[in-house]
Number of protein chains: 2
Amino acid sequence: MSSLKSKILVVATDLFQTRGINSTGVDTIVAVAGTTKMTLYKYFTSKENLILEVLEKGHQDFQSWLSEQLNSNAKKPSDKLQKLFEFIEEWVTSPNFRGMGFIKASAEFPNEESAVHQLSSEQSRQFRQYISSLASEANIQDADGLALQLSLIFEGAVQAEQMKRGSGAMKYAKKASKILIDSALTN
Amino acid sequence: MSSLKSKILVVATDLFQTRGINSTGVDTIVAVAGTTKMTLYKYFTSKENLILEVLEKGHQDFQSWLSEQLNSNAKKPSDKLQKLFEFIEEWVTSPNFRGMGFIKASAEFPNEESAVHQLSSEQSRQFRQYISSLASEANIQDADGLALQLSLIFEGAVQAEQMKRGSGAMKYAKKASKILIDSALTN
DNA sequence: AAATCTATATACAGACCTGTATATATAAGA
DNA sequence: TCTTATATATACAGGTCTGTATATAGATTT
């Protein structure tokens, strides 16, 4: 991938999270990235296409990092579930953290026919599915139910952490996840 | 309050939730409300002012309904806490439900200097504070912690329920809240 | 050195948005 | 009937946004 294209993606990811997607114009993006609109439209067919690529990249980076960490640091399936929020906290509190794109995108694009909305809700579904598979492997009865509960807490905590860094939301989310997982394991 | 002003508020509340705030122009609002821009700008000094009044009204309606229900249907403080999500579910699944304004508004207005952002995060704080006071009365040690956990679940479930009606999010949110409250009561 | 590829600079068309100005209609009260 | 208050109809100024057109500069290849 061209270095300029990569730079545009990084800058757009940042601006979308800090100023909102709809409120960030392409002029602002190219100015911050130190390039011009002609170059942006060479690598991306439209602003919507740029948004979609930003979402794709963010989601892939997070998912592959997370499953990598869980696979190499936890062996038993129930350990993976227990350590899930430990690693999520590590990700969210890292200086490189730029927010979870799909959470904000689904709020800014509520129209179900929008491609952005469709991708972001698909990513949310995929993440829930991943948690559910961890729960299944740990022999939890209602795996989908626990996955939904954990994803509610996760999305809420990420949003809170984004709005106010160091809000403590992640700490209490971690505690809540422990309680819910324990309760699901003993039932 | 003038009937036209009230009509504009209702229509704007609806459109903001279904299409997004920034994506909804005042022209659309007045067309759906069956009036004109001149009338809208008579009752509201600006679009931002309209957004703020929509948020105020939505929050007041919810908070007064909720505390009314809790005060008349639960006597012991711990009962109020236990029944909190029962009533929230009733509110969210009612046909009149138009979403919780402050959840979406904080996502669409991430700039901390924005008056809309400030109001919506203040409302979020107030709601959390209300839950915390219920927890305190029920003699829960870390009342603020539990309030944060419950509000994370609440905001996540409302957002999920908005995105997909009948998603079952509310049902599992209710279960999660029971588990977390029980855990907090016995510690 | 000539040709080609990539990025820049700049301008602008077309669409949309907020907020206002102007002129008109409608209905109620004096 | 005359006046006053309220709502409508319509047009538009000024701004922002996306996406494109045109011309130019720099660098690499042949």
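Order of the sequence lines fixes the chain letters, A, B, ..., with proteins taken first and strands second; residue numbering starts at 1 for each chain. Below, each value reflects all heavy atoms present in this structure, side chains not excepted, and no hydrogens, waters or symmetry copies.
At the phosphate of C/dA7, OP1 or OP2 sits under 4.0 Å from a side-chain N or O atom of A/Tyr43. Within the structure, a side-chain polar atom (N or O) of A/Thr39 is placed less than 4.0 Å from OP1 or OP2 of C/dT8. Residue B/Thr35 places at least one side-chain N or O closer than 4.0 Å to OP1 or OP2 of D/dT8.
Under the 3.5 Å distance criterion, the side-chain polar atoms of A/Ser6 are left unmatched by any main-chain donor or acceptor of A/Ser2. Between the side chain of A/Ser120 and the backbone N or O of A/His117 there is at least one donor-acceptor pair closer than 3.5 Å.
Nucleotide D/dG19 holds its P atom 11 Å from the CD1 atom of A/Ile29, rounded to whole Å. When rounded to the nearest whole Å, the span between CG of B/Leu50 and P of C/dG19 equals 10 Å. In this structure, B/Phe44 atom CZ and C/dT18 atom P are separated by 14 Å, rounded to whole Å. Remark: C1' of D/dG26 and CG of A/Leu4 are 14 Å apart, rounded to the nearest angstrom. A straight line from CG of A/Asp27 to C1' of D/dT18 spans 8 Å, rounded to a whole angstrom. Taking atom CG of B/Asn22 as the reference point, atom C1' of D/dC17 lies 13 Å away to the nearest angstrom. If you take NZ of B/Lys7 and P of D/dA7, they are 15 Å apart, rounded to a whole angstrom. Computed from coordinates, the A/Lys42 NZ to C/dA9 P distance equals 16 Å when rounded to whole Å.
Here C/dT8 is the nucleotide among D/dA9, C/dT8, C/dT18 with the atom lying nearest to any side-chain atom of A/Thr36. Of the candidates C/dG19, D/dT18, C/dT8, D/dT18 carries the atom nearest the A/Tyr41 side chain, counting heavy atoms from C-beta on. Of the candidates C/dT18, C/dT10, D/dT10, the closest approach to any side-chain atom of B/Met38 belongs to D/dT10. Across D/dG19, D/dA7, D/dA21, the shortest atom-to-atom separation from the side chain of A/Lys37 is found for D/dG19. Considering only the side chain of B/Ser46, C/dG19 comes nearest among D/dT8, D/dG19, C/dG19. Among the nucleotides C/dG19, C/dA7, D/dG19, the one closest to the side chain of B/Lys47 is C/dG19.
Residues A/Asn73 and A/Lys80 bring no donor and acceptor atom of their side chains to less than 3.5 Å of each other.
With A/Phe44 as the aromatic partner, A/Lys5 meets the cation-pi criteria of under 6.0 angstrom to the ring centre and within 45 degrees of the ring axis.
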Q: Start with the C-alpha distance between B/Asn96 and B/Trp91, add both sets of side-chain angles, then the distance that settles side-chain contact (heavy atoms from CB on, under 4.5 Å), and finish with yes or no.
A: CA-CA 8 Å; B/Asn96 297 346; B/Trp91 177 268; over 6 Å; no
